[in-house]
Every structure is written in C-alpha cells, then in structure tokens.
Amino acid sequence: MSEQALATRIDGLTKEYVLKSETVRALRGVSFDVPEGDYVAIMGPSGSGKSTLLNMLGCLDQPTAGNLFLGDDNISQMTDDQLAEIRSRRIGFVFQSYNLIQQLTVVENIQVPLYYQGLLGTKERDRAIMLAEQVGLGDRLDHRPNQLSGGQQQRVAIARSLVNDPYFILADEPTGNLDSVTTDEILALFDDLNGEGRTIILVTHEDDVAERARRIIRLKDGMLHSDEAVSDERRETAREMQAAAALAVKNKQGLAC
C-alpha cells in the first residue's frame with residue numbers, strides 16, 4: 001500500500017526571538033504531519049506557540065531550526081520572495097476578520113490571489129463565479145462586502161482561499177466573529193469541503209469548533225502537548241450540539257421554519 005501524500009510536514013520546528021537581552025523560545029522542536037485530505041484543529045493557550053506556528057504554516061516567517069515541507073518543497077530556507085510566491089499560489093487563507101477589499105465585488109474579491117499572478121481572463125472569472133456558487137453566494141456576485149452579512153463575507157473568504165487550489169486551507173479563528181447560527185453554517189461548509197478532499201488546518205480556542213475536525217493538536221509552552229484523533233461519534237455530537245444551539249437562536253428570533 002502506497003504512503004499517503006502529505007499536504008505539510010513539520011519536523012523539529014524551532015523558533016526563537018531575541019527581545020532585548022532575553023531569548024524567547026516560541027516553538028521548541030514541534031513535529032507532526034498533515035496528510036492530504038486531513039482536517040486538523042490547532043489549539044493552545046496564550047503563549048503556547050500557536051500564533052508562531054500559524055505564521056510558519058502561512059509562510060509569513062521562517063524557523064530558527066527544523067524543517068517545514070509543503071508537499072515536497074522544504075520552505076525552511078527559502079528567501080522572502082520565494083515564500084511570497086508559495087504563499088500566494090499554494091496556501092488558502094481564511095481570517096477571523098475576513099480581510100476582504102471593500103471596493104471589490106464578491107467575484108473580484110475571490111479573484112484577488114489571481115490578480116497578483118496576472119491571471120485576469122474569462123477562465124479565471126468563471127472559476128471565481130463557480131466558487132461563489134459553491135459557497136452559496138451565486139445570487140450575490142456583484143455585491144460588495146458592506147452589502148453582506150458577516151457569514152456571507154466569511155463565505156467569500158472561503159471561496160477566495162480555494163481559487164488557487166492550495167495545498168491546504170489555513171483558517172485562523174474563522175468563526176471568532178460569528179454568531180451561533182452562522183458558526184454552524186460556516187463549519188458545515190468546512191465539513192463539506194473536507195468531505196470533497198480539501199485539507200483544512202484550523203486554529204481555534206473554542207473546543208466545540210475543534211471537535212468538528214478529524215484531529216486536535218494542542219500546543220503548550222512551545223511544544224506539542226497532544227495529537228488526538230476525533231472519532232466520528234464525537235464529530236457528530238459536536239454537529240448536533242451546534243445545530244441545536246443555532247436552532248435555539250433562530251427560534252428565539254422567530255426565524256425557524
């Protein structure tokens with residue numbers, strides 16, 4: 001049986017910062033693999049190294065020691081220009097604050113990663129429209145962010161993260177600004193994308209959000225504290241609890257059918 005391909009491999013990742021005369025060890029030899037098609041939630045308290053690891057995975061910073069692979073490429077010693085190229089082409093980002101461009105329409109925001117590559121043709125626009133339809137925004141193509149709800153803006157961000165067919169979607173607290181109803185909708189969309197084979201790495205401080213993933217990786221004091229598989233039963237329980245919370249909100253607001 002052939003070995004499963006990896007979206008990313010983290011091997012002995014270490015990051016140290018010098019602040020005044022003190023050396024801060026943000027990451028201390030973290031190692032784990034993310035196979036293609038996995039869905040990983042990364043958790044940890046403040047100071048655990050979670051944000052530092054997020055920056056490494058997003059090609060926003062380089063390690064002091066260790067190796068980080070995206071697919072077969074070791075990005076640990078790449079230049080800033082090389083990292084920017086990898087970042088724009090091979091990683092899909094979803095942020096808590098959406099990071100949409102207010103002057104652009106839904107379709108144009110989805111196309112932003114392609115703009116930087118000079119890909120502005122009909123084929124690319126058609127792909128952006130297809131992705132907008134996939135995330136349920138087929139009737140909002142010409143709307144701008146200020147004409148959308150928070151959940152709709154996050155859907156745009158998710159579609160934008162897919163436009164380059166990335167190694168993985170890197171989602172940083174993607175439901176942090178959303179209510180219970182919209183959180184359930186966005187996590188259901190992540191479930192669907194993962195079911196289609198998309199690799200998702202989600203950073204969260206919310207246990208109920210993490211329970212929707214297939215694995216939960218916890219960091220503590222810059223080290224890997226635990227790497228736990230989430231059973232299908234636990235995932236389904238999390239879905240049911242969030243769906244019930246969303247329904248309760250809808251009933252309270254008189255929105256349930």
Steps toward side chain to side chain contact (heavy atoms under 4.5 Å, CB included) verdict (Asp179, Val249): CA-CA 9 Å; Asp179 60 25; Val249 171; 5.8 Å; no
May I have the step-by-step check of side chain to side chain contact (heavy atoms under 4.5 Å, CB included) for Ile186 and Ile158, ending in yes or no? CA-CA 9 Å; Ile186 293 300; Ile158 291 170; 4.0 Å; yes
Full working for side chain to side chain donor-acceptor pair (under 3.5 Å) between Ser76 and Asn74: CA-CA 6 Å; Ser76 305; Asn74 188 345; 2.8 Å; yes
Could you walk me through whether Leu170 and Leu54 pass side chain to side chain contact (heavy atoms under 4.5 Å, CB included), step by step? CA-CA 8 Å; Leu170 186 59; Leu54 180 71; 3.7 Å; yes
Intermediate values then yes/no, side chain to side chain contact (heavy atoms under 4.5 Å, CB included), Val163 and Leu114: CA-CA 8 Å; Val163 76; Leu114 302 178; 3.6 Å; yes
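Between Leu224 atom CG and Ser48 atom OG the span is 11.0 Å, to the nearest 0.5 Å. Residue Leu202 holds its CG atom at 7.5 Å from CG of Leu187, rounded to the nearest 0.5 Å. One finds the CD atom of Gln96 at 4.5 Å from the CG atom of Asn177 (value rounded to the nearest 0.5 Å). Atom NZ of Lys50 and atom CG of Asp172 lie 8.5 Å apart (nearest 0.5 Å). Rounded to the nearest 0.5 angstrom, Leu137 CG and Ile129 CD1 are separated by 12.5 Å. Here the CD1-CD1 distance, from Ile91 to Ile169, works out to 12.0 Å after rounding to the nearest 0.5 Å.
Applying the 6.0 Å contact sphere to CZ of Arg125 captures no more than 12 heavy atoms from other residues, nucleotides or ligands. Around the CE atom of Met241, the shell of radius 6.0 Å holds no more than 12 heavy atoms that belong to other residues, nucleotides or ligands.
When atom types are taken as modelled, the side chain of Gln102 and the backbone of Pro145 share no donor-acceptor pair closer than 3.5 angstrom. Formation of a donor-acceptor pair under 3.5 Å by the Thr175 side chain with backbone atoms of Leu178 is not found in this model. Remark: the backbone N or O of Ala128 is not paired with any side-chain donor or acceptor of Gln111 at under 3.5 angstrom. No donor-acceptor pair under 3.5 Å is formed between the side chain of Arg218 and the backbone N or O of Asp227.
Counting heavy atoms from C-beta outward, Ile216 and Glu211 have side chains that approach closer than 4.5 Å. A heavy-atom distance below 4.5 Å is not found between the side chains of Asn164 and Tyr116. Looking at Glu206 and Thr183, their side chains never come closer than 4.5 Å, going by heavy atoms from C-beta outward. Side-chain contact between Asp184 and Arg212 is present, with heavy atoms from C-beta onward closer than 4.5 Å. Contact of the His225 side chain with the Pro45 side chain is not registered, since no non-hydrogen atoms from C-beta on lie closer than 4.5 Å. Counting heavy atoms from C-beta on, the side chains of Phe168 and Val34 never come closer than 4.5 Å.
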Can you give each donor-acceptor pair under 3.5 Å made by side-chain atoms of residues 192-199, sequence neighbours left out, with the distance rounded to 0.1 Å?
unit_1	atom_1	unit_2	atom_2	d
Asn194	OD1	Arg214	NE	2.7
Asn194	OD1	Arg214	NH2	3.2
Asn194	ND2	Gly37	O	3.0
Asn194	ND2	Asp38	O	3.3
Asn194	ND2	Arg198	O	3.0
Glu196	OE1	Gln134	NE2	3.1
Arg198	NH1	Asp165	OD1	2.9
Thr199	OG1	Gly37	N	2.7

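Electrostatic pairing of Asp191 and Arg239 counts as a salt bridge here, judged by a charged N lying under 4.0 Å from a carboxylate O.
Glu185 is linked by a side-chain contact (heavy atoms from CB on, under 4.5 Å) to Arg155, Val181, Thr182, counting only residues two or more places apart in sequence or in another chain.
Checked by atom type, the side-chain pair Tyr98/Asn109 shows no donor-acceptor distance below 3.5 Å.
Follow the hydrophobic side-chain contacts under 4.5 Å out from Val203 and you reach Leu53 in the same cluster. Neither Leu68 nor Leu6 shares a network with the other; the hydrophobic side chains, linked directly or stepwise wherever heavy atoms of I, L, V, M, F, W or Y lie under 4.5 Å apart, form separate groups for each.
Between Leu100 and the options Gln153, Arg144, Glu108, Gln154, a side chain to side chain contact (heavy atoms under 4.5 Å, CB included) holds for only Gln153.
Screening residues 94-106 for salt bridge (charged side-chain N to carboxylate O under 4.0 Å, His left out) gives no qualifying pairs among residues at least two apart or on separate chains.
Minimum heavy-atom separation, Gly58 to Phe93: O-CZ, 3.4 Å. Annotation for Ala229 and Arg234: closest pair O-NH1, 3.7 Å, computed over non-hydrogen atoms.
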